[in-house]
Amino acid sequence: MKIAVYGRPFNEPSVIPYIQQVFDNLALHNVDIYVHYQLNEYLQDKINGVKYNVLQSTDSLKGFIDIFITLGGDGTLLDMVTVIRDSGIPVIGINFGRLGFLASVNKSDINAAIHAVVNKEFTLDSRELLKIDSKTDVFGIDNFALNDVTIHKRDDAAMIITHVFLNDEFLNSYWGDGLIISTSTGSTAYSLSCGGPIIFPQSNSIVVTPVSPHNLNVRPIILPDNSKLCFEVETRSSKYLVSCDSRMAVMDETMKFHVEKAGFQLNLIRLNNESYLTTLRNKLLWGLDARNY
């Protein structure tokens with residue numbers, strides 16, 4: 001089995017023992033370990049006694065790497081999506097961050113999680129992605145998002161007006177700071193903090209959530225995930241921002257773009273002792289409100 005490890009450089013040296021634990025457990029199970037070249041630069045002289053191969057940007061992944069492990073939080077896993085793209089390689093995230101909806105394995109469960117992964121004691125949770133297209137091809141080949149595509153005013157700008165068309169029919173014009181177009185996976189991210197609903201991954205839905213809407217009767221709307229959304233933006237500053245997960249671009253007011261389902265999925269590894277509901281309860285502290293006891 002070939003297992004690749006991906007992560008960002010860490011500012012906290014306190015994570016090094018946990019990283020060492022990951023590599024020690026992988027070596028214990030005699031798997032072929034590959035480390036993404038960006039993480040390898042950080043790991044120099046930090047990991048002891050474990051041999052691994054370096055995965056270069058030019059290496060072909062599909063049919064070669066069996067499983068990807070990410071070290072960090074949800075942002076790290078989102079970054080890694082641009083590495084594996086449409087290869088279908090299963091991914092599991094070990095959470096060194098805070099909340100961790102996607103990177104759901106706690107640091108205290110590293111040993112058990114790697115044992116389960118190596119012995120294939122898991123199921124695959126397939127998640128849909130969105131893609132964004134425009135004439136200028138702003139995001140290049142990385143024009144897809146696992147969580148959300150967002151439209152937002154610039155910091156020094158007044159509110160913007162976003163005209164939205166659903167399958168070529170006018171939907172609404174939104175006055176405010178912007179819009180979030182979220183997958184069901186991203187419904188527990190930025191969209192949730194702006195009052196959007198939590199959507200089960202199997203719901204085949206996307207949600208459009210306004211950010212600080214000027215009209216108080218405007219609310220999030222849930223749409224089928226086979227919808228095609230087109231956007232035109234008006235702004236006094238002639239520029240606005242569009243993000244694709246963690247990637248940001250400055251857009252010209254004259255630019256139109258559309259968002260629809262990407263056409264491929266990300267395979268998240270769900271350990272046999274996990275479920276989407278247990279993740280929700282653990283991360284949102286449902287049933288643990290101290291006022292009830």
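- Counting heavy atoms from C-beta on, the side chains of T136 and S134 come closer than 4.5 Å.
- Within the 4.5 Å cutoff, the side chain of L266 has heavy atoms near those of the V81 side chain.
- Here I269 contributes atom CD1 and E121 contributes atom CD; the two are 12.0 Å apart, rounded to the nearest 0.5 Å.
- Tracing side-chain contacts under 4.5 Å through hydrophobic residues (I, L, V, M, F, W, Y), one never reaches Y190 starting from Y240; they form parts of separate clusters.
- Connection of V83 to I92 is not established within any shared hydrophobic cluster, with ILVMFWY side chains joined at heavy-atom distances below 4.5 Å, either directly or through further cluster members.
- To the nearest 0.5 Å, the span separating CG on L146 from CG on L268 amounts to 6.5 Å.
- Separating the NE2 atom in H115 from the CG atom in D109 is a distance of 14.0 Å, to the nearest 0.5 Å.
- For N111 and N25, the side-chain atoms include at least one donor-acceptor pair closer than 3.5 Å.
- In this structure, M80 and F68 have side chains that are in contact, with non-hydrogen atoms separated by less than 4.5 Å.
- The distance from the CD1 atom of I67 to the CD1 atom of I89 is 10.0 Å, given to the nearest 0.5 Å.
- When side chains are defined from C-beta on, S205 does not count as touching S184, because their heavy atoms never get closer than 4.5 Å.
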Mind running salt bridge (charged side-chain N to carboxylate O under 4.0 Å, His left out) on D225 and K261 for me, showing each step along the way? CA-CA 6 Å; D225 68 356; K261 193 159 62 172; 3.6 Å; yes

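- Both I181 and M255 belong to a common hydrophobic cluster when Ile, Leu, Val, Met, Phe, Trp and Tyr are linked at side-chain heavy-atom distances under 4.5 angstrom.
- For H29, the NE2 atom sits in a packed shell: over 12 heavy atoms of surrounding residues, nucleotides or ligands are nearer than 6.0 Å.
- Separating the OH atom in Y37 from the CG atom in L55 is a distance of 9.5 Å, to the nearest 0.5 Å.
- For S243 and T150, the side-chain atoms include at least one donor-acceptor pair closer than 3.5 Å.
- For the ring-ring contact (aromatic ring centres under 6.0 Å, His included) with Y34, the qualifying choice from F64, Y6, Y52 is F64, the only one to do so.
- Around the CG atom of N119, the shell of radius 6.0 Å holds more than 12 heavy atoms that belong to other residues, nucleotides or ligands.
- Side-chain N or O atoms of S187 include one that pairs as donor or acceptor with a backbone N or O of I199 at under 3.5 Å.
- In this structure, R8 contributes its side chain and G75 its backbone to a donor-acceptor pair below 3.5 Å.
- Looking at R247, its side chain does come within 3.5 Å of a backbone N or O of F144 through a donor-acceptor pair.
- Annotation for K107: atom NZ counts as buried by contact number, over 12 foreign heavy atoms lying within 6.0 Å.
- Residues A145 and T183 approach most closely at O-CG2, 4.2 Å, considering heavy atoms.
- Residues I206 and V218 fall within the same hydrophobic cluster, defined by Ile, Leu, Val, Met, Phe, Trp and Tyr side chains chained together at heavy-atom separations under 4.5 Å.
- Here the closest non-hydrogen pair linking N167 and N226 is OD1-O, 4.5 Å.
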Assess whether side chain to side chain contact (heavy atoms under 4.5 Å, CB included) is satisfied between N172 and T162, documenting all intermediate values. CA-CA 8 Å; N172 193 14; T162 307; over 6 Å; no

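- In this structure, a donor-acceptor pair under 3.5 Å is absent between the side chains of S191 and S182.
- Defined by atom type and a distance below 3.5 Å, a donor-acceptor pair is missing between the side-chain atoms of S227 and E260.
- In this structure, D142 pairs ionically with R85, as a charged nitrogen and a carboxylate oxygen lie closer than 4.0 Å.
- Hydrophobic clustering (side-chain heavy atoms under 4.5 Å, transitive across Ile, Leu, Val, Met, Phe, Trp, Tyr) keeps I94 apart from V91.
- Counting heavy atoms of neighbouring residues, nucleotides and ligands inside a 6.0 Å radius, atom NZ of K46 exceeds 12 of them.
- A donor-acceptor distance shorter than 3.5 angstrom exists from the side chain of D252 to the backbone of T254, with no hydrogens or angles considered.
- Panel note: side chain D245, backbone N147; a donor-acceptor pair is recorded below 3.5 Å.
- Between the side chains of N267 and S126, at least one donor N or O sits under 3.5 Å from an acceptor N or O.
- D177 places no side-chain N or O within 3.5 Å of a backbone atom of K153 that could act as its donor or acceptor partner.
- Under a cut-off of 6.0 angstrom, the local environment of CG in N11 is sparse, with at most 12 non-hydrogen atoms contributed by other residues, nucleotides or ligands.
- For the atom pair L271 CG and T278 OG1, the distance stands at 10.0 Å (nearest 0.5 Å).
- For the pair V22 and L71, the minimum side-chain heavy-atom distance is below 4.5 Å.
- Residues L171 and I221 meet the side-chain proximity criterion, which asks for heavy atoms closer than 4.5 Å.
- Note on ring orientation: taking the six-membered ring where Trp is involved, the planes of F200 and Y276 are perpendicular (angle over 60°, cut-offs 30° and 60°).
- At least one side-chain heavy atom of V50 sits under 4.5 Å from a side-chain heavy atom of Q20.
- N143 places a side-chain N or O within 3.5 Å of a backbone atom of I132 that can act as its donor or acceptor partner.
- Counted by atom type alone, Q44 and N40 present one or more donor-acceptor pairs between their side chains at under 3.5 Å.
- Using a 3.5 Å distance cut-off with no hydrogens or angles, the side chains of T185 and R127 do pair a donor with an acceptor.
- With 3.5 Å as the limit, one finds a donor-acceptor pair spanning the side chains of E234 and H163.
- Taking the ring centroids of F231 and F165, they lie at or beyond the 6.0 Å cut-off.
- Between T70 and V5 there is no side-chain heavy-atom pair separated by less than 4.5 Å.
- For Y42 and F10, the ring centers sit closer than 6.0 Å to each other.
- Side-chain contact annotation: T235 with R154, donor-acceptor N/O pair under 3.5 Å absent.
- There is a side-chain donor-acceptor pair under 3.5 Å between S246 and D79.
- For the residue pair N95/N106, the side-chain donor-acceptor check at 3.5 Å is not satisfied.
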